[in-house]
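Okay, structure first, notes after.
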Amino acid sequence: MQLISIKNLNKYFLQPAKMQVLTDVSFDIEKGKFIAITGKSGSGKSTLLYLLSTMDRDFEGSIRINREEMHGKSNPWLADFRNHHIGFVFQFHYLLAEFTVLRNVMLPALKLRKYSPAETEHHAMELLKLLGVADQAYKRASLLSGGQQQRIAIARALINEPLIIMGDEPTGNLDSYNSAVVFDLFKKLSAEKGQTILMVTHDEDIAARSDQTIHLVDGKVDAITNR
Ligand code: ADP
Ligand code: MG
């Protein structure tokens, strides 16, 4: 099944001068695959991922996710869609420093209200265990190391069981040991839970181990490699 289908995506920035950042970008992504988006700095990777995340509504062309067209949808509709289906991990984790680790992981689920707070807490603890940081649950987030905080951010991205997990260089700020931990976890999720992973990365080892690489040059798809 094609989970994501992009057709003739064009994106312009108008400031400081009109500039086309993405040109006729088209590709399909199958459910459960691990996708790496690669390309030099400035090639449009972050812009593309931001569009796919549905946070930027200003584009030409079509973005279909899980059979829904994103073009023309209202902000509240998109916010609800994102909350249900998409989890994000960024290079910098943006945890709420004064909250406990456990609370940080629970927040997106408390907002969604699909499960009771007790069930959510149980689920959050399970994720912290999966990520090897359950012993940190009651500490303030700001007291953890960078690698630990990144794992908390991943747990938070997973709490609503999203169809798609997106990361913009999520390992860019980590040492090679923690990068490998994060990468292996993403691999495991796509293999075991059928979650689709979309990752912008500079890391050639990660790209080489993905199922599909989408390589951008100057805002155009230069090559799509399937493994
Ligand atoms: P990458 O993530 O591959 O490094 P980006 O998507 O961040 O590339 O940027 C692609 C191009 O778009 C760059 O030339 C960048 O300067 C430009 N750009 C990115 N964001 C904006 C913005 N908000 N306004 C104007 N230009 C932007
Ligand atoms: Mg970028």
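Note that ligands are numbered from 1 as they come in the structure, with each ligand's atoms numbered from 1 the same way.
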One checks the Mg ion (ligand 2) and counts protein N, O or S atoms under 2.8 Å, reaching 1
Under 4.0 Å from ligand 1 - residues by heavy atom, chain and number: Phe13, Gln15, Met19, Val21, Lys40, Ser41, Gly42, Ser43, Gly44, Lys45, Ser46, Thr47
Given side-chain hydrogen bond (donor to acceptor under 3.5 Å, both in side chains), test Thr100 with Arg140 step by step and report yes or no. CA-CA 4 Å; Thr100 63; Arg140 279 198 315 173; over 6 Å; no
Side chain proximity check, Met166 to Val200, heavy atoms < 4.5 angstrom: no
Tell me whether the guanidinium CZ or amine NZ of Lys187 lies under 6.0 angstrom from the six-membered ring centre of Phe183 and within 45° of its axis. no
Are Phe88 and Tyr94 close enough that their ring centres sit under 6.0 Å apart? no
Sequence-distant partners of Glu126, salt bridge (charged side-chain N to carboxylate O under 4.0 Å, His left out), two or more places apart: Lys129
Just by distance, do the side chain of Lys73 and the backbone of Glu69 share a donor-acceptor pair under 3.5 Å? yes
Describe, in one word, how the ring planes of Phe59 and His71 are oriented to each other, choosing from parallel (under 30°), tilted (30 to 60°) and perpendicular (over 60°). tilted
Quick one: which residue pairs count as a side chain to side chain donor-acceptor pair (under 3.5 Å) with a foot in residues 32-51, not counting sequence neighbours? Thr38-His215, Ser46-Asp168
Quick one about Ser179 and Ser176 (side-chain donor to acceptor, distance below 3.5 Å, no hydrogens or angles considered), yes or no? no
